[in-house]
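Remarks on the structure that follows.
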Amino acid sequence: MHENSEDGRRPSSALRAPSRRERGEGEDIAIIGGGIIGICAAALLSEAGRSVTVFDRTGICEETSSGNAAAFAFSDVLPLAHKGMIRQLPKWLADPLGPLAIPPAYLPKLLPWLIRFWRAGAPKHYQASLATQAGMMKLAEAEWMRLLDRSGTRPMLREDGSLEFYESEAEFRASLPGWAERQRFGIGFRHVEGEEMAALQPGLSPRFVKGTFVPGWKTVADPKLLGKAVWAYAEKLGAGFEHARVERVEAGANGATIVLADGTRRKASKLVIAGGAWSHLLAKNLGDRIPLETERGYNTTLPASAFDVKRQLIFSGHGFVITPLQTGLRVGGAVELGGIERPPNFARSKAMLEKAKRFLPGLDPSGGREWMGYRPSLPDSLPVIGAARAPNVYYAFGHGHLGLTQSAATGSLIRDLVLGQTPPLDLIPFRPQRF
């Protein structure tokens, strides 16, 4: 239960004092970033009666949050560093269009991050990382279900489960320890093959010998549409938006200042930095050096008629998924560790589409829209959620592949921090100064 009303909604203006913005004193709370993390934080803070303004250079849910694979991956509790990626690295790097690519010219800059990633995968960190991620996922599911109900967006939720595939018995056996860990945290699944697997997804290539069905896996009708719908809810509660590029930030005992690209300055009593792959550049202004890297993800969204896909299909050995959306069929994933300045390499999305044609014979690959987005990732697979070194500033970024999944939880944790309340999770593993 949070302050101001029994259902957590923002009280009417007659029951509250005028906000700083209404008194002409600047913003109460400013949020940098109009992606799904910033949107959820804005909605939850607005519910608590705070006056919120979101700043973004493009718009609400127009960049990375618009083109993801649409999954609420609440069962994806295995930290990325522990999911066999280190073992797969040599094979994947040998294929420039495979699941993981590193442009050779970018490797020297990336090397410190890769070393941290390798260290994070050490067995001594495994159980702590797993427990932290599992706790975050439990909170994420609970917070999203409540937010969907309060915002009237639950009809956008799809509960069809997911189906993950294996091309050999050896690949299937290698997956079993991870499934055992999920089972320990109460995550339901069943391994399937033959007719049962074919019934879950007709038209699949016979190259796949087994699969794992996760009935509790959820997706959304379209991540961009969901983000905009949650934002519409936040707007009804009084949240505001300013279309502007943030150049730098400053902070002091009396609040924070946002300096825009045109030189305009905006003051706020509290500032939340949720700017995705650009967040660490602003954090550096405030004395926090956070080793964020950018996993560039690619996809192609085909017309919905391209193939009758029943649920999200996961080809983990190839690093991509296929998701049926309200707006089409999305084929995407993979990782390119290449920073934020290099131009897109759409040969990667074309390579995934070629594989999809082999995996789903009969798939019509025509009429697709290619896209590339920036996943902000930290080497230990956990986001940064917590207070900056500077006063009155909070960080909420670095969620990697799990931004949509963990956004409502992150929003609730940020709300609790801003309001001075005790969060339901131990935030020490997420602290910005852990590196």
Side-chain angles (χ1 to χ4, degrees), residues 33 35 37 57-58 62-69 79-81 83-121 223 245 274-284 289-301 315-321 330-355 368-384 397-404 435:
I37 304 294
R57 64 180 188 174
T58 307
E62 289 291 342
E63 295 198 25
T64 300
S65 294
S66 71
N68 61 65
L80 191 62
K83 292 173 77 173
M85 183 176 268
I86 295 294
R87 186 178 65 251
Q88 299 263 38
L89 215 56
K91 181 182 76 172
W92 284 353
L93 288 176
D95 179 1
L97 298 179
L100 174 65
I102 300 172
Y106 194 71
L107 185 57
K109 184 175 181 180
L110 180 66
L111 197 56
W113 188 94
L114 284 175
I115 292 170
R116 289 178 182 269
F117 180 78
W118 175 73
R119 288 174 177 166
R245 182 185 295 269
W278 288 263
S279 299
H280 65 304
L281 302 177
L282 296 174
K284 191 176 179 181
R289 293 185 174 272
I290 298 172
L292 183 144
E293 248 317 319
T294 305
E295 296 181 42
R296 295 145 57 97
Y298 292 83
N299 69 46
T300 303
T301 303
F315 304 93
S316 54
H318 298 270
F320 76 96
V321 304
R330 183 158 291 167
V331 179
V335 171
E336 181 185 46
L337 292 165
I340 55 178
E341 297 177 359
R342 301 175 66 85
N345 176 14
F346 285 117
R348 296 185 60 73
S349 52
K350 291 178 174 62
M352 284 184 281
L353 194 56
E354 284 298 316
K355 287 185 176 182
R369 305 185 312 276
E370 293 181 324
W371 178 90
M372 189 270 283
Y374 303 93
R375 307 183 193 104
S377 297
L378 294 163
D380 59 0
S381 305
L382 297 176
V384 161
F397 61 85
H399 294 74
H401 298 249
L402 300 170
L404 175 63
F435 299 103

**Message:** Using the side chain to side chain contact (heavy atoms under 4.5 Å, CB included) criterion, which residues pair with R289? Sequence neighbours excluded.
**Reply:**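 If we apply the side chain to side chain contact (heavy atoms under 4.5 Å, CB included) test to R289, skipping adjacent residues, the hits are K284.
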
**Item:** Contacts of type side chain to side chain contact (heavy atoms under 4.5 Å, CB included), residue K355, not counting sequence neighbours
**Value:**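 For K355, the residues satisfying side chain to side chain contact (heavy atoms under 4.5 Å, CB included) (neighbours in sequence not counted) are H318, F320, R358, F359.
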
Look only at the side chain of [X] and the backbone of [Y], and say whether a donor-acceptor pair between them is shorter than 3.5 Å.
X    : Y    : value
R348 : V335 : yes
Y106 : L337 : no
T64  : R375 : no

From [atom1] ([X]) to [atom2] ([Y]), nearest 0.5 Å:
X    : Y    : atom1 : atom2 : result
L292 : I340 : CG    : CD1   : 9.0 Å
E341 : K109 : CD    : NZ    : 6.0 Å
S381 : H401 : OG    : NE2   : 8.5 Å

**Prompt:** Would a 4.5 Å heavy-atom cut-off, applied to side chains only, mark Y298 and E370 as touching?
**Reply:**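 No, side chains not in contact.
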
**Message:** Are the side chains of P291 and F435 in contact, using a 4.5 Å heavy-atom criterion?
**Reply:**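 The answer is yes, as the side chains (C-beta and beyond) meet within the 4.5 Å cut-off.
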
**Message:** Applying salt bridge (Lys or Arg N to Asp or Glu O under 4.0 Å), can you list everything that pairs with E336, at least two apart in sequence or on another chain?
**Reply:**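 Expected list: R296.
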
**Request:** Would you mind telling me which of N299, N68, T300 makes a side chain to side chain contact (heavy atoms under 4.5 Å, CB included) with W371?
**Result:**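 When side chain to side chain contact (heavy atoms under 4.5 Å, CB included) is applied between W371 and each of N299, N68, T300, only N299 qualifies.
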
